[in-house]
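Single-structure report; data block below.
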Amino acid sequence: MILIQNLKRIDAGTQKYIYEHPSDTDKIIKIMKPEHATYNGGRKGQHYLRGHHSQGIYKQFRREILQYLQLCKNNYGQQRFTFPMETLYGFIATDKGLGLVAEKVIDPSGSTMTLYELSNTNIFNDTHAKALDKFFDECCELHVVLGEVNIAGFMYTEHRQGIPEFVLVDGIGEKLFIPFRAMSKTINSHNVRKIEKKIKSKISYYSTKH
């Protein structure tokens, strides 16, 4: 079992902590924030039935894993395992709960860079814009279901496949009780374009130059 206190924390979201992998610099470990969990793995602050429904505190892991597996299934003939979402590698036990091991997406300098940081520092340019367009086009084409996506959930890289690209690392998978978007590529594409419009509205590049 890995002791979280021995790992370097590199990021934190509203529900997860992100740590460096102890032995593989190309991977990270995600854990759900322990302070949000009940003793038996439910989610604090929710009605008991809702908080303990399905996988409880690990519901986000479940959505992401199911989405990744579905993409691998759909692309079985091509033996494709790399998509606009982060690549998943499995689980690891920690003293703060189950950890999800995923790829570490880095920018050209070897650091991590989010779409929010690119936009906020005004270095978002035409290259980034083309990469973002490709991201949303691929999500429509591949039937990638997006959940509650925000601008900080996109990581930029040029090392992953040797080209400029954005990779989604948060807000992945179907959240609806009736999975309309997972069942219909047309409905999902409409939702992807809706999210695309929302994300681009937060980037000054599109309002000042286009």
Side-chain angles (χ1 to χ4, degrees), residues 11 13-18 28-33 36-38 41-78 80-91 97-103 105 114-116 132-155 160 165-202:
D11 201 0
T14 57
Q15 300 187 54
K16 294 186 290 289
Y17 289 124
I18 313 298
I28 53 92
I29 299 174
K30 298 181 177 184
I31 68 163
M32 302 307 296
K33 288 186 173 181
H36 291 174
T38 63
R43 184 174 295 283
K44 286 182 179 178
Q46 291 186 339
H47 185 278
Y48 182 85
L49 293 179
R50 184 182 178 191
H52 290 76
H53 177 69
S54 192
Q55 282 71 46
I57 195 69
Y58 296 119
K59 190 179 294 184
Q60 281 196 356
F61 285 176
R62 175 180 178 270
R63 294 189 193 109
E64 189 168 350
I65 291 164
L66 288 178
Q67 176 64 95
Y68 184 71
L69 289 175
Q70 186 65 42
L71 289 170
C72 289
K73 175 265 179 189
N74 292 347
N75 293 274
Y76 181 83
Q78 293 76 38
R80 179 177 177 177
F81 305 102
T82 303
F83 307 103
M85 65 171 286
E86 62 186 351
T87 301
L88 305 179
Y89 296 107
F91 296 109
L98 189 66
L100 178 62
V101 181
E103 69 172 309
V105 183
T114 68
L115 177 56
Y116 172 79
L132 191 59
D133 287 344
K134 183 179 180 182
F135 169 86
F136 287 111
D137 288 346
E138 284 197 324
C139 284
C140 290
E141 178 186 350
L142 295 170
H143 198 169
V144 180
V145 180
L146 307 180
E148 294 180 359
V149 177
N150 67 72
I151 194 171
F154 295 81
M155 305 299 296
R160 192 184 195 224
E165 64 177 317
F166 283 98
V167 181
L168 190 63
V169 298
D170 195 20
I172 303 163
E174 181 67 85
K175 288 194 67 175
L176 301 178
F177 180 72
I178 301 177
F180 294 110
R181 294 172 297 198
M183 292 188 297
S184 170
K185 191 173 182 179
T186 299
I187 293 175
N188 185 66
S189 293
H190 177 75
N191 184 62
V192 169
R193 295 306 182 187
K194 183 178 178 181
I195 292 173
E196 177 182 16
K197 184 177 180 180
K198 179 181 178 182
I199 292 296
K200 288 182 176 179
S201 72
K202 299 179 183 296

For [X], what residues pass the side chain to side chain donor-acceptor pair (under 3.5 Å) criterion, not counting sequence neighbours?
{"X": "K185", "answer": "none"}
{"X": "D11", "answer": "none"}
{"X": "T114", "answer": "E117"}
{"X": "E103", "answer": "T87, R160"}

Quick one: does [X]'s side chain get under 4.5 Å of [Y]'s, heavy atoms only?
{"X": "N191", "Y": "F180", "result": "no"}
{"X": "P84", "Y": "F166", "result": "no"}
{"X": "I178", "Y": "M183", "result": "yes"}
{"X": "V192", "Y": "V144", "result": "no"}

**Request:** Could you tell me whether a side-chain N or O of Y89 sits under 3.5 Å from a main-chain N or O of I28, the two making a donor and an acceptor?
**Result:**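 No: the side chain of Y89 does not pair with the backbone of I28.
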
Starting at [atom1] of [X], measure out to [atom2] of [Y] and round the result to the nearest 0.5 Å.
{"X": "L98", "Y": "I29", "atom1": "CG", "atom2": "CD1", "result": "10.5 Å"}
{"X": "L168", "Y": "I195", "atom1": "CG", "atom2": "CD1", "result": "9.0 Å"}
{"X": "F83", "Y": "F135", "atom1": "CZ", "atom2": "CZ", "result": "13.5 Å"}
{"X": "S189", "Y": "K194", "atom1": "OG", "atom2": "NZ", "result": "14.5 Å"}
{"X": "Q67", "Y": "L142", "atom1": "CD", "atom2": "CG", "result": "9.5 Å"}
{"X": "Y116", "Y": "F154", "atom1": "OH", "atom2": "CZ", "result": "15.0 Å"}

**Prompt:** For A37, which residues count as a side-chain contact (heavy atoms from CB on, under 4.5 Å) partner, sequence neighbours excluded?
**Reply:**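 Scan of A37 (side-chain contact (heavy atoms from CB on, under 4.5 Å), adjacent residues dropped) gives I57.
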
**Request:** Report the residues that fulfil side-chain contact (heavy atoms from CB on, under 4.5 Å) with Q15, sequence neighbours left out, ordered by chain and then residue number.
**Result:**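 Partners of Q15 under the side-chain contact (heavy atoms from CB on, under 4.5 Å) test: M32, R43, Q60.
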
Non-neighbouring partners of [X] that pass salt bridge (charged side-chain N to carboxylate O under 4.0 Å, His left out), sequence neighbours left out:
{"X": "R62", "answer": "none"}
{"X": "D137", "answer": "R193"}
{"X": "E174", "answer": "R181"}
{"X": "K16", "answer": "D170"}

**Which residues share a ring pair (Phe, Tyr, Trp, His ring centres under 6.0 Å) with Y17, sequence neighbours left out** =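 Result, ring pair (Phe, Tyr, Trp, His ring centres under 6.0 Å) vs Y17: none returned.
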
**Asked** Under 6.0 Å from the OH atom of Y58, do we count more than 12 heavy atoms belonging to anything else shown?
**Response**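 It does: Y58 OH has more than 12 such atoms within range.
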
Measure across [X] and [Y] and return the closest heavy-atom pair with its distance rounded to 0.1 Å.
{"X": "L146", "Y": "N188", "answer": "N-OD1, 4.3 Å"}
{"X": "L100", "Y": "G90", "answer": "CD1-O, 3.5 Å"}
{"X": "T82", "Y": "R80", "answer": "O-NE, 2.8 Å"}

**Asked** Is there any salt bridge (Lys or Arg N to Asp or Glu O under 4.0 Å) pair reaching into residues 63-77, and which pairs are they, with sequence neighbours excluded?
**Response**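 Listed once each, the pairs are K30-E64.
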
**Request:** Give the ring-plane orientation class for F91 versus F61, where under 30° counts as parallel, over 60° as perpendicular and anything between as tilted.
**Result:**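 The rings of F91 and F61 sit tilted, inter-plane angle from 30° to 60°.
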
**Prompt:** What do the steps show when you test E148 against K175 for salt bridge (Lys or Arg N to Asp or Glu O under 4.0 Å), and what is the final call?
**Reply:** CA-CA 8 Å; E148 294 180 359; K175 288 194 67 175; 2.8 Å; yes

